[in-house]
Trainee: 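Structure incoming, see below.
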Amino acid sequence: MQQETIALHAGYEKDSQGTMAVPIYMSTAYEFRDTEHAANLFALKELGNIYTRLTNPTSAVFEKRFAQVEGGVAAVSTASGASAIFSSIMNLCEAGDNIIVSNALYGGTTTLTDHTIKRIGIEARKFDVTDPTKLEELIDEKTKLILFESLSNPNTVVADFDKIVEVANKYNIITVVDNTVATPILCKPIELGCDLVVHSTSKYTTGQGLALGGIIVEGESCNRKIKGNSKYQHFNEPDPSYHGLVYADLPFPLFSIRMVLCVLRDLGVTASPFNSWLMIQGLETLSLRMEKHSQSALKVAQFLEKHPKVKKVNYPGLESDKNHKRAKKYLQGGFSGLLSFEVETFEEAKKILDSVEIFSIVVNIGDSKAIITHPASTTHQQLSKEELLAAGIGEGLIRLSIGLENSEDLINDLQKALDA
Ligand SMILES: *Cc1c(COP(=O)(O)O)cnc(C)c1O
């Protein structure tokens, strides 16, 4: 089956009511048939729902469906993208370990890896995803994962998958790819040789800016990397928190089973069944939307590139973009809806934001409605001119998340604002 078909049908078997739409199972807990049934569930002799912090039937449909679209063997949904990333780290690392992370990451992932996990004894080392020649030098026996974004938010940097995967496989280290911006429609990290894929489903998956959510998809290769690997000793020896269970002995995708039995159990970063239901609705139209977001973003980028007031346009779909070659190699069917451009001055940029009518000034991406931001006056206003430059953010940089509006309307809106 192709991805559009999977996104509509996978993972759902209609109940006795024949319900076409996936039902929302709003329930905290589930009744056991008898004491033996309860004992079997806790002992994993039988699989079933116990409590929604661990599993829920609506979330299970979303997880199975999303896993299939990504080409994975299992998935675990979480309360947000941030919690998907944090719990991936928690499932693989402990104090004293290190992880290797891209130098082009989402802001929240940067603060998580630079500061928050440092406080619990996990060090993050940075590498250049576009030129990972130094990656190997950063690895030691305490390195537990390599984290990067397929198409980064907000800088639209495309990772050099082949080189990263080659090094990760040489050292048997798990790769974690944040595929939020590209979505599985445009990029399939598991097919490209990666082990885990994480998402903020708050963006393109829900698609209309409706709810926070996250998901972690496990590729088949995870079991091979975990089983018998002393790096991931906690999967291979008895877990005292689960009466001596050895995860590696279980006939399941190991990352996901430990994620549920241990990380969700203890951290409770579980998705709400209602949000999982919203994500299911979003997933049904994701392929259509990504096609439209991508087509419109390319048209807007081409318009901006020709405008005399625009110094530079960053969009991986443009031949002039420094990520174009890798984007063509690793993405299919489009380049997503994020782009940025630069005008001469801070004042000019502010005037454009204050003049547009269709674009909303919002810090989000992946909404069905077009979004515009000026980092120098908002998200990055605390930075000095020098710090802005170091972060690659010019005073006149403007970011766009192209929505599903008519692309001519969006272009006219920008044209009027640029010429105002
Ligand atoms: C938004 C985002 C996150 C964080 O996700 P939340 O759902 O907001 O917690 C992580 N990674 C990327 C690439 C994002 O765009």
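FYI, side chains are in, hydrogens and waters are out, and symmetry mates aren't considered; it's all heavy atoms of this structure. Every number for a ligand or one of its atoms is a count from 1 in the order of the listing.
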Trainee: Give yes if a backbone or side-chain nitrogen or oxygen of Lys203 is under 3.5 Å from a nitrogen or oxygen of ligand 1, and no if not.
Mentor: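 Yes, since at least one N or O of Lys203 sits under 3.5 Å from an N or O of ligand 1.
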
Trainee: So which protein heavy atom does atom 4 (C) of ligand 1 come closest to, and at what separation?
Mentor: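 Among all protein heavy atoms, the one nearest atom 4 (C) of ligand 1 is Tyr106 CE2, 3.5 Å.
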
Trainee: As an exercise, identify every atom of ligand 1 less than 4.0 angstrom from a heavy atom of Asp178.
Mentor: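 So the answer, numbered in order with elements, is 10 (C), 11 (N), 12 (C), 13 (C).
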
Trainee: Pick one: which of Ser102, Ser152, Ser150 meets side-chain contact (heavy atoms from CB on, under 4.5 Å) with Val129?
Mentor: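 That would be Ser102.
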
Trainee: Closest heavy-atom contact between Val181 and Met290?
Mentor: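 Result for this residue pair: O-CE, 4.0 Å.
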
Trainee: Ligand 1 versus Ala82, non-hydrogen atoms closer than 4.0 Å: side chain, backbone, both, neither?
Mentor: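 Near ligand 1, Ala82 shows its backbone as well as its side chain.
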
Trainee: Quick check on contacts: which atoms of ligand 1 are under 4.0 angstrom from a heavy atom of Ser202?
Mentor: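 Checking each atom against Ser202, I get 6 (P), 7 (O).
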
Trainee: I want to know if ligand 1 touches Ser83 in the polar sense, i.e. an N/O pair below 3.5 angstrom.
Mentor: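 No - when backbone and side-chain N and O of Ser83 are compared with those of ligand 1, no distance drops under 3.5 Å.
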
Trainee: Do His234 and Tyr247 have their ring centres less than 6.0 Å from each other?
Mentor: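 Not under 6.0 Å, so no.
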
Trainee: At less than 4.0 angstrom from any non-hydrogen atom of Asn153, what atoms of ligand 1 do you find?
Mentor: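 What qualifies from ligand 1 is 13 (C), 14 (C), 15 (O).
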
Trainee: So which heavy atom on Val158 is nearest to which on Thr130, and how close?
Mentor: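 The pair with the smallest heavy-atom distance is O-CG2, 4.0 Å.
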
Trainee: For ligand 1, which atoms, with element, lie under 4.0 Å from some heavy atom of Gly81?
Mentor: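 It comes down to these atoms of ligand 1: 5 (O), 6 (P), 7 (O), 9 (O).
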
Trainee: Using 30° and 60° as the class limits, which term best fits the ring planes of Phe335 and His324: parallel, tilted or perpendicular?
Mentor: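 Phe335 and His324: tilted rings.
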
Trainee: A cation-pi test, strictly: NZ or CZ of Arg258 under 6.0 Å from the centre of the six-membered ring of Phe235 and no more than 45 degrees from its axis. Yes or no?
Mentor: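 Yes - Arg258 lies over the ring of Phe235, closer than 6.0 Å to its centre and within 45° of its axis.
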
Trainee: Which of the atoms in ligand 1, numbered in the order shown and given with their element, are less than 4.0 Å from a heavy-atom of Gly213?
Mentor: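 This gives 7 (O) as the contact atoms.
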
Trainee: Does atom CE of Met20 have more than 12 heavy-atom neighbours, drawn from other residues, nucleotides or ligands, at distances under 6.0 Å?
Mentor: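 No - once you tally the heavy atoms of other residues, nucleotides and ligands closer than 6.0 Å, there are 12 at most.
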
